Every structure is written in C-alpha cells, then in structure tokens.
Q: 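Here it is: the structure, laid out below.
These numbers were taken from a predicted model, which means no experiment stands behind them. Numbers restart at 1 for each chain; the letters A, B, ... are given by sequence-line order, proteins then strands.
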Amino acid sequence: MANYSTNEFRSGLKVMLDGDPCSIIENEFVKPGKGQAFSRVRLKNLKTGRVWDRTFKSGESLEGADVSEQNMQYLYNDGEYWHFMEPETFEQHQADKTSVGDTALWLREQDTCIVTLYNGSPLAVAAANHVDLEITQTDPGLKGDTAQGGTKPATLSTGAVIKVPLFLNEGEVVSVDTRTGEYLNRAKK
Amino acid sequence: MSDNVNTGIQWRPTASNDALIKRARLLAQVREFFALRRVLEVDLPVLGEHTVSDPHLDSLSTEGSQHYLQTSPEYYMKRLLASGSGPIYSLGKAFRANDRGRQHNPEFTLLEWYRPGWDESQLMAEVADLLLDVGRTPNAVAQRVTYRDIFLATVNLDPHRASLAQLVQLASDIAQRNMRGESRATCLDLIFSFEIEARLPPGVVFVHDYPECLCALAQLGVDDQGETVARRFEVFLNRTELANGYFELLDASEQRQRFSEDNRQRKIMGKDNIEPDEKLLAALDAGLPSCAGVALGVDRLLMHLVGAQHIDEVIAFSS
C-alpha cells in the first residue's frame, strides 16, 4: 500500500496505526510561529471501533490500509460464520462473530448489506439503514388501541426484540431503523 | 443559490462583503499607523531567486525559471536595512506550501516591519500600540510573560532546565505516541502548541525570552536568572498566534552557519537543498544595523476583528 503524508490526511482515508486499520475522522493542522508544524489527527480504529487522538509532525507518513467497503448479499449463517456474496463476481466471504457483531440482529437472507473488507477479509458488517422484518412472536393486539401510543415487545424473524405499537400481530412485517433499533412503520409483505 | 444550480461551480468569494470592507479598512489603518510614525512602506518582490532555508517552511517554486514565491519579505528587507533604509514595513502577500488549515492558507497577507536602533522590548510596545489602534482588542493592556513563567505556570516544567527525557515524556503524553528521539525544540513546540497556547490568558499576550534551541534568527541574551535566552517574542491574541519578532541576528558568519545547519536538517527530512542567498550574506557582511523586526499575520488579525472561525471567511478567494 502507498504511504500517506500528513498533508494528504483527509477524513475517510484508511491508514495503518499500531498494526490496526484506522479511518481518519479529522486532521487539524497546527503550527507555531517558527518551528515544527504538527497534525493532530483523530482516527477510528476499524477493528475495535475505538477513537484515537494522535499528534504527528508535519511530513510524517502512515501506511495506507487495504480497506474497502462493498455492497454484498447476505446468504446464510452456518452457526459459526455469516456468509456474504459479491453481487457481480459471486465471490463469497465468511465473517465471524467479531466482525458481524450486533448487525446479526438485522440480517435477513438475501438482503444487501455493506461489508468492510480489510486485506480481502470482512472486518465489519453494516445492515441497510432500514430493513423489513416479520414479527414471529408478540402478545395479541388489543382492539381499539390503534389511536393510542402504547407499545409492546415483539420478537422479529432475526431474533431481534423491538418495541412495536399494540395493534400489530404475529406474521406482520415491520420496517426497522437498524441504527437505533426503532420501529418505523408497518411494511407491506 | 440559483446561479449554482446550473453549473455547481462555487465562483462566489469565500469572504462576506462585511469581511472585505473590514479588510480594506484594516489595511488602510495599518498604512496610516506607520505613516504617522514615519516608517517607510516598501513594496517588495514576491517572486525571488532565493528562498528561506528554514527546514519547517516549504516554498512554492515556479516551473521553468526556477524562482520561488517568497515565504516572507525578510531577506529583501534586511538588504534594504543594510543599505541604510531606516525603519521600513512591508504589507503584502507571502506564500507557504502545505500550510492549510483553519488558520492557514498557502497564500496570505503578512505585515513585517523593522526598527533600526530598537530592541525587542520597544518593538513589543509598538505591536501593542498597533493592535490598540486597529481596534476591538479585548484587553487594552497587553500582558507580557516569559516563556519560562508560562511553562512553569501551565505544565510545571522549566523549559530551560528540564531534561530532554522530561520533555519527551510530556510531549509523548500529549501526542499519545512515543516521541523518543525527538529534539528539545520539537518537544517544546509540541507542548507549547497543544498544552500552553489554549490556556494562555485572553487578550493580547506577549511571550518572550525563548529557550536557546528556539532562537531562530534572534540574538541570544542572558535573563535575570542568568539563563541564556533567545531574544525572541511571539504575540498571541485570544490564544491565537499572531506575530513573531526578534532582536535580529546581525552576524553574517552565524547566518552562514544557520544556512548549512538548515540544509543538514532538510536532508534528514528528505527535503531539497536550498542554495544560500549570497546577496543576503553579502549585505550582512556589509553590516546590518542593530534592529528589531516582527512579522504579523494580517488574516489572523482580521479573523479576530470579524469574529471568523476559519481563515477562508476573511480571504476573498481562498486557495
């Protein structure tokens, strides 16, 4: 991979730091009247999600990280790995629990999601912002409650448990915001 | 804006009309200030055969003729002083490659002036007068503090006497990485820029008597504690660095040595060798009068007067 000098640091640039791939969030140029200039850089460690603040001398460089984001189709889970496929090449990738994380709660087979690849292997998986999932278990709805704001827990086909309005029943499909885990609306089947 | 709908090209100025009016007024005020004090305005080349060797400055050069856009008018001004110009100022553009940030644009407006027969203390007083004159400086009374005192008060270290290991330790804590192998000067610059600058008092603050390793082009002196110090000062306005001044180095042989030391540093940093400016050296050989000089960032001052957060807001068309 190419090396990037501090004056090429831009938000979104992927670099290696302490052996981990990181994404640059911010780069602030600081220079005293005379003398050494610095870059104060905020980076997100793409493996751990932790945010680091590091200061570099201007002109120092970091190795680029082989990180890319790709849309892939989620195929299935074999109990240990989640399998994804690139839509154009049909190339398949398997991701472990660490890289899939909580996103597993929103993965429906054949849905398209965003897989972050590091050196060709999945590093992280993000679901689409909105997904439609079927309610597999919830207490029966009560008549006449449609106008009121009450909610009840519902289990979805992926195992996620969310709060839904009282009038919804098992077998119905709902739209969920995967970033917040919130119910959005009733979806068409 | 409707005119952007068709092309998407951002052709409008980055500065507001109000900022442009204030810029025009500020430039006029500066010229009036110096006219009343009988300091001569000199209009100097921005394109020159030579450029500074300072390893921390990168010049922009022209293709073909291999000239440099000047990072400051300093060398020309010193040649004028050596030829007997008397007090002079320059108000014009300067260029520094790779400087881009909230407070940096590669092309910027620099006010630089020299006072033959003065020392840095007299010049600090004149900078304070100028800031008061152009107005809206929050504290009419400028404060002066030594580099040592502000270090002691903020990080509890004596910048002259602390060991290199102590400085590296503190710099590493601030940078969140191991700074072992870095010089005293780099550690001090890092500590000052990130830990001290933000905690300076508001208003106009002069920091003076720099450590010897940060002397740049200042003469050395001895302070009241017997410490060798650089007779250099920096001016901060609401914690933003605004100007840098010296009781100027006059010695041609010292300047020669500085050129070769800079080039040695540049080589380590993988930067091009800069040919020494022989005309400057010849002028210094002929004799530069004892003088104090200072360079002030006009765009930074304007940011303060306008209340701008980014330098683009005070530059008609930013790079």
Q: Which of the residues Val235(B), Thr186(B), Leu242(B) is involved in the greatest number of heavy-atom pairs with chain A at under 4.5 angstrom?
A: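 Top count of heavy-atom pairs under 4.5 Å with chain A: Thr186(B).
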Q: In Å, rounded to the nearest 0.5 Å, how long is the span from CD1 of Ile24(A) to CG of Leu62(A)?
A: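 Rounded to the nearest 0.5 Å, the CD1-CG separation comes out at 6.5 Å.
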Q: When the ring planes of Phe192(B) and Tyr147(B) are compared, do they come out parallel, tilted or perpendicular, using 30° and 60° as the limits?
A: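 Geometry flag for Tyr147(B) against Phe192(B): parallel rings.
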Q: I'd like to know which of Arg102(B), Glu197(B), Arg177(B), Glu241(B) tops the heavy-atom pair count under 4.5 Å against chain A.
A: Arg177(B)
Q: For Phe233(B), which atoms come within 4.5 Å of any heavy atom of chain A: side chain, backbone, both, or neither?
A: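 Neither part.
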Q: Would you please say whether a donor-acceptor pair under 3.5 Å links the side chains of His93(A) and Glu86(A)?
A: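 Short answer, yes.
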Q: Non-hydrogen atoms of chain A under 4.5 Å away: do they reach the side chain of Leu214(B), the backbone, both or neither?
A: neither
Q: Given heavy-atom pairs under 4.5 angstrom as the criterion, report whether the side chain, backbone, both or neither of Asn7(A) touches chain B.
A: side chain
Q: Can you tell me which portion of Glu60(A) sits under 4.5 Å from chain B's heavy atoms? Options are side chain, backbone, both or neither.
A: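 Only the side chain of Glu60(A) comes within 4.5 Å of chain B.
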Q: Out of Glu182(B), Lys271(B), Met269(B), return the one with the most heavy atom pairs under 4.5 angstrom to chain A.
A: Glu182(B)
Q: Using a distance-only test with no angle check, is there a side-chain donor-acceptor pair under 3.5 angstrom linking Asn3(A) and Ser61(A)?
A: no
Q: Relative to chain A, which segment of Leu217(B) carries a heavy atom at a distance below 4.5 Å: side chain, backbone, both, or neither?
A: neither
Q: Non-hydrogen atoms of chain A under 4.5 Å away: do they reach the side chain of Asp99(B), the backbone, both or neither?
A: both
Q: Could you tell me if the side chain of His130(A) sits less than 4.5 Å from the side chain of Asp177(A), heavy atoms only?
A: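 Asp177(A) reaches His130(A) side chain to side chain.
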Q: Parallel under 30°, tilted from 30 to 60°, perpendicular over 60°: which one fits the rings of Phe194(B) and Phe38(A)?
A: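 Rings of Phe194(B) and Phe38(A): perpendicular, as their planes differ by over 60°.
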Q: Taking atom types as modelled, find out whether Arg232(B) and Asn244(B) have a side-chain donor-acceptor pair closer than 3.5 angstrom.
A: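 Distance-only check passes for Arg232(B) and Asn244(B).
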